[in-house]
Protein chains: 2
Amino acid sequence: MRKGEETRTRILDVAEAAVLQKGFGGTSIEELIAETGITKSGFFYHFKDKNELAKALLNRYIENDERIYDEIFGRARDLMDDPLQAFLLGLKLLSELLSDLPNGHPGCLVATVCYYERLFDREIQETNRNAVLAWRRRFGRMLREIMDVYPPREPVDVDQLADMVSSVLEGGIVLSKTLKEPNTLAEQVLMLRTFVRLLFLPAVEQPLAVVRQGQAFGAAAGGQP
Amino acid sequence: MRKGEETRTRILDVAEAAVLQKGFGGTSIEELIAETGITKSGFFYHFKDKNELAKALLNRYIENDERIYDEIFGRARDLMDDPLQAFLLGLKLLSELLSDLPNGHPGCLVATVCYYERLFDREIQETNRNAVLAWRRRFGRMLREIMDVYPPREPVDVDQLADMVSSVLEGGIVLSKTLKEPNTLAEQVLMLRTFVRLLFLPAVEQPLAVVRQGQAFGAAAGGQP
DNA sequence: CCCCCTCCTGTACCGGCGGTACAGTTTCGA
DNA sequence: TCGAAACTGTACCGCCGGTACAGGAGGGGG
């Protein structure tokens with residue numbers, strides 16, 4: 001039971017790296033078994049076909065993704081009393097984590113599945129859809145909390161704003177990978193942070209507005225890294 | 001010479017649709033020749049291998065992409081004297097064009113290539129990279145023109161802001177496709193528009209800031225759809 | 001009128017890959 | 001020591017990318 005899990009994990013590790021570089025269609029099972037040092041029969045003992053491998057791969061990826069967001073934004077929330085400051089700190093931590101990746105972000109499996117679409121069954125497509133919806137709910141929850149305190153300067157739909165976080169991440173990954181500029185992704189996250197700050201925070205470091213808005217917000221923003 | 005071009009175009013049309021749904025690895029040549037009603041030999045007369053097909057596909061896609069942006073932002077520029085208003089109108093027109101697509105955006109070949117990476121030669125990867133750099137230059141040019149007139153409220157790097165446009169588009173496509181919500185992409189573009197407006201336009205419809213900033217900007221923004 | 005070039009078709013073949021089937025083997029805990 | 005879990009080995013199928021090469025239709029230019 002233990003050894004089986006270990007082999008399974010090793011296959012998934014190898015497969016994930018390969019799939020993110022070449023897509024599902026471009027990744028052969030033979031290549032996976034060669035790199036894991038397992039036989040073909042051994043592979044099919046763990047996964048009955050490629051679709052099942054994809055399913056396991058995607059589920060593991062999504063769970064890991066959720067775990068990372070939980071940790072980052074959870075930590076940020078613990079450090080900051082204010083929901084806006086917590087969210088801004090979370091984005092900062094996220095951008096730092098992304099820029100610390102040695103070879104840049106390896107790619108997002110959700111996007112890979114999205115661009116392979118028609119060759120998977122409904123279940124995988126639903127899993128993928130639910131992953132994106134989970135992001136929407138996650139960021140939406142945080143943004144609603146912010147909006148309870150800070151009225152946005154422009155009227156915005158919360159779900160659309162939440163989706164913007166996912167968009168910038170997914171798009172930033174594509175740009176970063178295509179340009180072979182690992183930093184681009186982290187910069188995009190910081191750009192998004194600027195947007196959020198601009199949207200919810202009254203003008204600071206511009207003395208003009210502070211005069212009428214009062215300095216309570218100005219002080220809070222001033223302490224931000 | 002004429003008939004050859006026509007067949008070639010037909011192959012590319014079929015291939016583009018297939019590749020955007022299933023990726024390069026997931027698209028078989030046999031399936032392409034079946035749908036185009038050509039023989040295998042006929043296919044290889046036009047493209048010596050799959051890599052050459054990908055090259056032609058990508059180049060055509062990028063050219064078309066550039067043409068669309070030229071037209072939309074060119075039209076917007078002709079209609080507006082102010083570079084900011086022109087850019088904002090361009091984003092509006094773009095979002096309208098995207099929401100008018102009957103089945104949603106079919107996907108971006110640049111992203112497809114990005115997630116297939118390792119199975120293409122250097123030339124394709126360079127083409128893809130240059131396409132993204134061209135977007136950066138395009139939007140960067142427009143944003144620099146804006147910044148000459150409007151000082152941004154927050155310090156931003158022009159290239160990073162230009163990349164934000166590409167990020168939101170690429171990310172929006174992934175979200176839209178994955179969620180099977182065709183409108184999401186258009187909404188994301190409008191969200192980006194809100195960001196640009198917020199970044200460059202002094203607060204309007206919020207009387208607080210207008211008092212000190214003067215109403216020249218306020219009037220310009222008021223006429224915006 | 002024929003020749004040649006473009007634009008294909010037809011046939012045959014190769015090796016890699018996804019997947020199946022199934023028999024046999026090792027390992028390890030109850 | 002028995003049996004289940006976790007494999008290995010072998011053989012085979014059909015699809016696919018790709019190669020090779022021969023031949024044919026159709027049209028325009030000498």
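Side chains are part of it too, since the values below use all heavy atoms of this structure and drop only hydrogens, waters and symmetry mates.
One finds no salt bridge joining A/Lys55 and A/Asp49 here, because no Lys/Arg side-chain nitrogen approaches an Asp/Glu carboxylate oxygen to under 4.0 Å. The residues A/Glu63 and A/Arg67 are annotated as not salt-bridged, no charged nitrogen and carboxylate oxygen being separated by less than 4.0 angstrom. Residues A/Asp159 and A/Arg144 are paired through a salt bridge, judged by an N-O separation under 4.0 Å between the basic side chain and the carboxylate.
Taking atom CZ of residue A/Phe47 and atom P of nucleotide D/dA6, one finds them 12 Å apart after rounding to whole Å. Regarding A/Leu53, its CG atom lies at a distance of 14 Å from the C1' atom of C/dG19, rounded to whole Å. The nearest whole Å value for the distance from the CZ atom in B/Phe24 to the P atom in D/dC16 is 18 Å. Rounded to whole angstrom, the span from the CZ atom of B/Phe44 across to the P atom of C/dT6 amounts to 21 Å. One atom, CZ of B/Phe43, and another, C1' of D/dT19, lie 14 Å apart when rounded to the nearest Å. Going from atom CD1 of B/Ile33 over to atom P of C/dG10 covers 11 Å, rounded to whole Å. Regarding B/Lys48, its NZ atom lies at a distance of 14 Å from the C1' atom of D/dG17, rounded to whole Å. The distance from atom CZ of A/Arg8 to atom C1' of D/dA5 is 14 Å, rounded to the nearest whole Å.
Considering only the side chain of A/Lys50, C/dG18 comes nearest among D/dA20, C/dG18, D/dG18. Which of D/dG18, D/dT8, C/dG19 sits closest to the side chain of A/Ile38 comes down to D/dT8. For A/Asp49, counting side-chain heavy atoms from C-beta on, the closest listed nucleotide (D/dT19, C/dG18, C/dG19) is C/dG19.
Applying the 3.5 Å distance criterion, the base of D/dG9 shares no donor-acceptor pair with the side chain of A/Thr39. Contact annotation: side chain of B/Lys40 to base of D/dG18, donor-acceptor pair present below 3.5 Å.
Across all strands, A/Ser28 comes closer than 4.0 Å only to sugar-phosphate atoms, never to a base (heavy-atom distances).
Aromatic pair A/Tyr115/B/Tyr116: ring centres not closer than 6.0 Å.
In terms of phosphate contacts, B/His46 brings no side-chain nitrogen or oxygen within less than 4.0 Å of OP1 or OP2 of C/dC7. Under 4.0 angstrom from either OP1 or OP2 of C/dC8 there lies at least one side-chain N or O belonging to B/Thr7.
Position along DNA chain C of the nearest nucleotide to B/Tyr45 versus A/Ile29 favours B/Tyr45 as the more 5'-ward residue.
Judged by distance alone, the side chains of A/Glu154 and B/Thr194 never bring a donor and an acceptor atom under 3.5 Å apart.
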